Amino acid sequence: MKITLSIIKADIGSIGGHIKPSQKLKEAVNEHVKSKGLGKGLLKDFYISSTGDDVAILMSHQKGKLDSDIHKLAWDAFIKGTEVAKSQGLYGAGQDLLKDAFSGNVKGMGPAVAEIELDERPNESFIFFAADKTDPGAYNLPLYLAFTDPMHNAGLMLSPKMEGFKFIIMDVSHTEADRVIELNSPEELYDIAALLRDNQRFVVESIWVKNEDEQAAAVSTTRLHNIAGKYTGKDDPVALVRVQSDFPATGEVLSPYSIGHFVAGFMRGSHTGPLMPSKANSTISFFDGPPVVTAQAFSMREGKFTEPADCFDHPFWEYIRDQVSHKALEIRRQGFSGCAMLPYSELEYGGIVEKMKKLDKRFKIKEETVKV
Ligand code: F6R
Ligand code: MG
Ligand code: MG
């Protein structure tokens with residue numbers, strides 16, 4: 001049975017700053033998707049959750065990727081949620097809905113989207129990731145390690161089923177159209193690493209079983225400041241990863257998140273901070289962060305989901321969260337200096353551009369140092 005999994009997520013307003021959406025907002029989104037999607041037979045199933053200030057709609061259906069009915073359903077649900085956000089005085093109401101009218105699909109309109117069309121296995125298992133206060137490159141390292149490195153994926157050594165994966169990597173600085181490259185692991189591992197080291201420019205778009213039409217992973221590649229041309233919040237990416245059997249085991253996909261690697265985002269989308277694996281529906285706090293990632297695993301049969309298993313809700317991750325808190329404090333101690341803040345091109349606030357222009361005029365050349 002062919003099933004498409006679609007996640008569409010947006011920040012449409014939150015309580016007390018950029019912390020978490022209200023219960024009423026989530027209920028409005030839920031109600032719309034339930035009546036107009038499930039009720040009308042458009043969807044097989046759906047699930048609503050939040051990560052920091054973002055609301056994500058996970059849907060299963062048979063309409064394929066980039067389907068306008070599915071995308072419009074999510075867009076309209078976010079409009080309903082925005083109405084509630086406005087009525088409650090939530091902060092940043094409708095923030096990620098960057099266009100006035102829906103056209104075709106939500107790509108380039110603000111919300112993040114990740115989709116996989118699959119031939120459903122009898123025991124289909126997948127993980128839905130959502131990150132807040134960071135950008136899509138945050139998934140580069142964990143996906144690279146989970147799909148290519150036997151230090152995390154023991155199956156690459158032990159299982160005859162995994163012979164390698166194809167990475168489709170997008171150059172997100174090319175805004176006129178999607179610019180992608182296909183590279184195979186393990187043969188082109190160093191080339192994959194050479195691109196993925198640059199999290200702000202090159203982003204894993206999808207991963208496939210090598211030489212087969214079988215998709216293993218999808219990541220949302222939206223860069224909001226590339227759409228709006230100015231600060232509109234961080235991109236806060238979502239991802240889908242199929243697990244077990246021909247794919248990495250659930251624990252192999254989760255393993256790299258124990259690193260708590262440094263990512264772009266944190267306060268005002270302009271800093272560097274460690275990515276904290278957090279429980280589903282978790283909030284944001286210290287220095288508008290730290291950047292968080294949630295992971296919910298599902299089983300699915302004929303498009304119907306089980307309840308989620310919250311992957312980072314386990315005593316092991318308490319220890320990791322303590323370590324990540326330590327890393328967050330360490331980098332915060334150096335404030336604005338050097339690598340603690342993002343380079344000029346990545347700063348999310350335009351104000352600094354004005355400031356630099358003003359300061360530039362005040363620079364003077366010391367005449368006695370002019371070379372003749
Ligand atoms: C980062 C983020 C927050 C805001 C900050 C200021 O992605 O959402 O750190 O940038 O709280 O928010 P504004 O500019 O909306 O007052
Ligand atoms: Mg926000
Ligand atoms: Mg957010």
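Note that ligands are numbered from 1 as they come in the structure, with each ligand's atoms numbered from 1 the same way. For clarity, every value in this text was computed on a predicted model and none was experimentally measured.
Salt bridge status for E124 with R121: present, with a side-chain N to carboxylate O gap under 4.0 Å. Under a 4.0 Å N-O distance rule, the pair E318/R321 qualifies as a salt bridge. Between D54 and K9, at least one side-chain N (NZ, or NE/NH1/NH2) sits under 4.0 Å from a carboxylate O, which counts as a salt bridge. The residues E117 and K65 are annotated as not salt-bridged, no charged nitrogen and carboxylate oxygen being separated by less than 4.0 angstrom.
Remark: aromatic rings of Y47 and F128 are distant, center separation not under 6.0 Å.
When D171, I192, L195, I168 are each tested for a side-chain contact (heavy atoms from CB on, under 4.5 Å) with I181, only one passes: L195.
No hydrogens or angles considered: a donor-acceptor pair under 3.5 Å links the side chains of S22 and Q88. For the residue pair S245 / K161, a side-chain donor-acceptor distance below 3.5 Å is found, with atom types taken as modelled.
Using a 4.0 Å cut-off to heavy atoms of M267, the atoms of ligand 1 that qualify are 9 (O). Close contacts of ligand 1 with Y91, meaning ligand atoms under 4.0 Å from a residue heavy atom, involve 13 (P), 15 (O), 16 (O). The distance from ligand 1 to the heavy atoms of D288 drops below 4.0 Å at these ligand atoms: 3 (C), 4 (C), 5 (C), 9 (O), 11 (O).
Proximity of F266 to ligand 1, defined as any heavy-atom pair under 4.0 Å, is confined to the backbone N, CA, C and O atoms. When non-hydrogen atoms are compared, ligand 1 lies under 4.0 Å from the side chain of H18 (C-beta onward) but not from its backbone.
Looking at D53 and the Mg ion (ligand 3) together, the shortest N, O or S contact belongs to OD1. Among the heteroatoms counted here (N, O or S) of H18, ND1 is the one nearest to the Mg ion (ligand 2). When you scan the N, O or S atoms of D236 for the one nearest the Mg ion (ligand 3), you land on OD2. Shortest distance from the Mg ion (ligand 3) to D132 is reached at OD1 (N/O/S atoms only).
Ligand 1 has at least one atom lying under 4.0 Å from a heavy atom of G269.
For the Mg ion (ligand 2), the N/O/S atoms of D11 include one lying under 2.8 Å.
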